[in-house]
Amino acid sequence: MRASGAPPLPPGLREEIDRSNEALERAIEWLDGRVAAPEAAAIRDALRAGGKRIRPVLCVEAWRACGGPGDPDLVRDLAVALEWIHTYSLVHDDLPCMDNAALRRGRPTTHRVHGVGVATRGGALLIPLAALWSLDRARRHPQGLDLGRRWIRELMRGAGAGGMVGGQVLDLLAEGREIDRDALDGLHARKTGALLVASLRMGGIAAGAGPERLAGLDRFGRAVGLAFQIADDVLDSTGDASLLGKNPSDQVLRKSTYVGLLGVAGARDRAHQLVREGVRELERVGIRSEGLEALARYIVERDH
Ligand code: GRG
């Protein structure tokens, strides 16, 4: 976790982010005519506002690590669905009834530009659109609609009550209260970790990986998901708002954080230890992946 400076992204991953952004543009074209204005404009703005694209890149790197056959663009297209779910969660998280945030990814939040109603509806629309888009693209994949069904199940499991939404509920309930490390781990395993796990499993599934490898990706994702959240807490407490692209909010919302529990140095140590554990989990199922290892390091060393 760096206090400042460019994130240490190897060139291969930088290129993969660019390819993911191109896939996102293909998907934005597909939206034409499917969503009415003004929600369409809000969705386009939110999707194009930048972002690290960690979830689609994790997905493609998992696919690659499992020896996925065929055209990577098919998987990149499918992986856009992850970014849509992630973007809906950010748009809704920023609403006045949640964090009431003014800034996201260095820009005014969706509701500040398009209004609360449009942002709420546009965000919600991204959920069925992610499923429809997944089905549409799965038809072009050799596993066809079977892949579409498995893919959507993973996506909704990661995003739903047992995953991201459930974690958000726990987070809201924990505001202003102190919770212990186990409870904090459980909350973030759902709120942040579940969609990262889904990203990896979805890449493995598209590559035809069996249950053992999927379980290895799952354990890697859990470790890296927690490391991601710890890095977020450190950045919230030490980061620079102009680099973060948002205003630090943990103190304002009186949230329990890993920095509060472990201190900055302790939190950093735990994040690095989790990354090492995650990489060992991959090795245990025979996965050696420079891309996934580099992403895991980036997740804890990033500056925004
Ligand atoms: C109604 C209870 C309820 C839930 C609705 C709002 C919501 C669903 C979920 C919120 C989940 C949330 C905000 C999770 C945080 C995820 C997270 C760590 C975001 C930051 O991810 P990055 O750093 O962002 O990957 P970029 O901007 O790079 O894409």
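Nothing fancy with the numbering, it's 1 onward along the sequence. Order of listing sets the numbers, starting from 1, for every ligand and every atom in it.
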Problem set entry | Short N-O contact, R53 and E83, less than 4.0 angstrom | yes
Problem set entry | Contacts of type side chain to side chain donor-acceptor pair (under 3.5 Å), residue D77, not counting sequence neighbours | R26, R137
Exercise. Taking atom CZ of R222 as the centre, does the number of heavy atoms from other residues, nucleotides or ligands within less than 6.0 Å exceed 12?
Worked result: no
Exercise. Under the 4.5 Å side-chain heavy-atom rule for ILVMFWY, direct or indirect, which residues accompany V75?
Worked result: V60, W63
Exercise. With a 4.0 Å cut-off, would you call R270 and D185 a salt bridge?
Worked result: yes
If you look at each N/O of ligand 1, which protein N/O atoms lie under 3.5 Å away, and at what distance?
| residue | atom | partner | partner atom | Å |
| --- | --- | --- | --- | --- |
| ligand 1 | 21 (O) | R55 | NH2 | 3.2 |
| ligand 1 | 23 (O) | K52 | NZ | 2.6 |
| ligand 1 | 24 (O) | H86 | NE2 | 3.4 |
| ligand 1 | 25 (O) | R55 | NH1 | 2.8 |
| ligand 1 | 25 (O) | R55 | NH2 | 3.3 |
| ligand 1 | 27 (O) | R105 | NE | 2.8 |
| ligand 1 | 28 (O) | K52 | N | 2.8 |
| ligand 1 | 28 (O) | K52 | NZ | 2.8 |
| ligand 1 | 29 (O) | H86 | NE2 | 2.7 |
| ligand 1 | 29 (O) | R105 | NH2 | 2.8 |

Exercise. Side chain to side chain donor-acceptor pair (under 3.5 Å) with E281: which residues, sequence neighbours excluded?
Worked result: R219, R284
